[in-house]
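Remarks on the structure that follows.
In the text below, chain A, chain B and the rest are named by the order of the sequence lines, each starting its count at 1. Heavy atoms only: backbone and side chains are in, while hydrogens, waters and symmetry mates are out.
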There are 2 protein chains.
Amino acid sequence: MNNMEHKIPLANNHISVDCVVIGFDGEKLKVLLVRRIGEDSGGEVFHDMKLPGSLIYVDEDLDGAAMRVLNQLTGLKNVNLMQFKVFSSKDRTKNPKDVRWLERAEKAKVERIVTIAYLSLVKIDRALNNKNLNNFQAEWVPLDEVKDLAFDHNLIIDEAMKFIRQYVEFNPSCLFDLLPRKFTALQLRMLYEVLYGKRIDVRNFHKKITMMEYVIPMDEYQQGVSHRAARFYKFDKKIYNKTRR
Amino acid sequence: MNNMEHKIPLANNHISVDCVVIGFDGEKLKVLLVRRIGEDSGGEVFHDMKLPGSLIYVDEDLDGAAMRVLNQLTGLKNVNLMQFKVFSSKDRTKNPKDVRWLERAEKAKVERIVTIAYLSLVKIDRALNNKNLNNFQAEWVPLDEVKDLAFDHNLIIDEAMKFIRQYVEFNPSCLFDLLPRKFTALQLRMLYEVLYGKRIDVRNFHKKITMMEYVIPMDEYQQGVSHRAARFYKFDKKIYNKTRR
DNA sequence: CCAAAAGTGTTTCTCATACACCCATGT
DNA sequence: ACATGGGTGTATGAGAAACACTTTTGG
């Protein structure tokens, strides 16, 4: 691929995808993790968590592999998957726990795995209670309760969050991927607050919503709440796309 | 790497890095390309251009490989290299020209090459007239004169430009990587104009410069120009880093 | 003195921020 | 009636944008 001097190219690389799937429950951001069962050096069984991921197969490209992982897990299709970073450090597989687990899982010695990290923002209610979540022992874990994960998956999540914050600025529509189809102003505001880690003034926020022509106030209100019912809003993708040209 | 059903993982992947090296000559953006010599289906020799790149070697990670490519070519060290996107589509190596060239260059059948694209912004004057540029038959090509390149390298350059525009917003200091150490207001303005593809009002721009505390006016002026001499400015990284906390 | 580019101020508008009270509903 | 969260308007300041003329220098 180059006309430089030739040394030994790295053959037999392993390429994987890992998916950071983020949901929002109206209060907190959650990440979708799958359970991993392994044995430590003393032969003791341990449980921990990891990001859903997979090596890539011969008949698919990276986007396809990420899509497959996400679909198997959540049953969701047509979600927006964004490739946001590659992790290729040699010591991402240096932990003996991880090495042992890998060699059992892949039945081969693994030198290094280059992983392409994907981010997806999903409606947590649509991806919840799916039987596949049980099959894969998957769980929604609040971001602030994520423990030590396999490999460098904690790092990958951190980078994903940095990416989202930047991405939202340029493409605010992705926020609505996290919210139910009908949502209240409070939900949207909480989402902003939790993403940027600071409080937002309620009145200014209502003005902001009013100025977003693609956030449509509905004639529908909350029901059965023990206080004034909040109005529902919906996101209009067509209007959004128009106003963004 | 996963606990999903197992199909055949893709072994023997090839992983490469490709570097989009951008320079600015005071008027236009240029990209560093290397010449490629191949044979078409009729056995005729053809010349075209490609991005500098390389497969990765066993003893290096991706950032290291990108660094090596850039250093061999330009002699530059300690430049800021940003990994900005992965290209993994199967048909990025579908052009018969490219297939033939690859098989000759790598002396093996190549199914697919996943490439990690890097972006680097450099001072064109420091990386010009380097003897290595001749050794590798490298050339600075104005962005608007780039012809059909090997593989999907045109696409990679397009994506690189999108990336820069976003990146500048968050990290304006990278603009000064493109300019000489001493630069005029015009040069800086042209850089903005060419990046965003629109004209900027001169007076407003001077105000903008004044407000950027990290752009220091010098007591030095242009010499030997047939009109009023422009003042030189310099970029102060220390001040920049302070004002960004 | 002419050509060519450098440099300079004021006004206007938009947008972000700060801030406090009344409204609707269920218990 | 009260507790709970929903919803509203105004005033201020900062930064972006529009706009035209004078200055310096070499030829």
Side-chain angles (χ1 to χ4, degrees), chain A residues 24-28 165-166 168-170 172 175 179-180 182-234 240 243-244, chain B residues 24-28 165-166 168-170 172 175 179-180 182-234 240 243-244:
Chain A
F24 178 65
D25 66 2
E27 193 181 344
K28 281 180 169 186
R165 286 183 200 107
Q166 297 205 355
V168 168
E169 308 261 316
F170 291 98
L175 289 178
L179 293 168
K182 301 187 273 185
F183 53 88
T184 65
L186 176 64
Q187 287 175 310
L188 183 55
R189 182 162 55 85
M190 290 293 274
L191 182 51
Y192 271 99
E193 291 187 354
V194 81
L195 266 179
Y196 293 108
K198 62 173 187 185
R199 303 200 79 65
I200 298 176
D201 180 85
V202 189
R203 279 174 290 187
N204 293 335
F205 191 72
H206 272 273
K207 264 181 296 184
K208 190 170 174 171
I209 292 182
T210 313
M211 285 195 298
M212 297 191 269
E213 303 146 77
Y214 48 86
V215 176
I216 317 282
M218 300 173 68
D219 291 328
E220 207 172 324
Y221 293 82
Q222 283 182 321
Q223 299 212 331
V225 286
S226 73
H227 52 75
R228 179 169 172 182
R231 164 169 257 168
F232 283 118
Y233 294 81
K234 65 181 175 185
Y240 177 83
T243 57
R244 287 258 131 186
Chain B
F24 177 64
D25 67 2
E27 193 183 344
K28 283 181 167 186
R165 285 183 200 107
Q166 297 205 354
V168 168
E169 308 261 316
F170 291 97
L175 289 179
L179 293 169
K182 301 187 273 184
F183 53 88
T184 65
L186 176 65
Q187 287 176 311
L188 183 54
R189 183 163 53 85
M190 289 292 275
L191 183 51
Y192 271 99
E193 291 187 354
V194 82
L195 265 180
Y196 292 108
K198 62 173 185 185
R199 304 202 77 63
I200 298 175
D201 179 85
V202 189
R203 279 173 290 188
N204 292 335
F205 191 72
H206 272 272
K207 265 182 294 185
K208 191 169 175 173
I209 292 182
T210 313
M211 286 194 299
M212 297 193 267
E213 302 147 78
Y214 47 87
V215 176
I216 317 282
M218 301 172 68
D219 290 329
E220 211 172 324
Y221 293 81
Q222 282 183 319
Q223 298 212 331
V225 286
S226 74
H227 54 75
R228 180 168 172 180
R231 181 189 278 264
F232 282 118
Y233 293 82
K234 63 182 177 185
Y240 177 83
T243 57
R244 287 255 133 187

- request: Please state how far atom OH in Y233(B) lies from atom P in dA6(C), giving the value in whole angstrom units.
  value: 11 Å
field: d(OH, Y221(A); C1', dG5(D)) in whole Å
entry: 15 Å
message: So K208(A), base contact, sugar-phosphate only, or nothing? Heavy-atom distance under 4.0 Å.
response: nothing
State which of [options] makes the closest approach to the side chain of [X].
X	options	value
R228(A)	dG7(C), dC23(C), dT8(D)	dC23(C)
K207(A)	dC23(C), dT10(D), dA18(D)	dT10(D)
H227(B)	dA4(C), dA16(D), dC19(C)	dA4(C)
N204(B)	dG7(C), dG5(D), dC19(D)	dC19(D)
A230(A)	dA16(D), dG7(D), dA6(C)	dG7(D)

- request: Identify whether the distance between the nearest side-chain nitrogen and carboxylate oxygen of K198(B) and E193(B) falls below 4.0 Å.
  value: no
task: Answer yes or no: is there a donor N or O on one side and an acceptor on the other, between the side chain of R231(A) and the main chain of D219(A), under 3.5 Å?
output: no
First of S226(A) and D201(B) reached from the 5' end of DNA chain D, by closest nucleotide: S226(A)
field: Six-ring centre of Y192(A), K208(A) cation under 6.0 angstrom, axis tolerance 45°
entry: yes
task: Only one of V168(B), L179(B), L186(B) passes side chain to side chain contact (heavy atoms under 4.5 Å, CB included) with L191(B); say which it is.
output: L179(B)
query: Taking the nucleotide of DNA chain C with the closest heavy atom to each, which residue, A229(B) or A229(A), is nearer the 5' end?
result: A229(B)
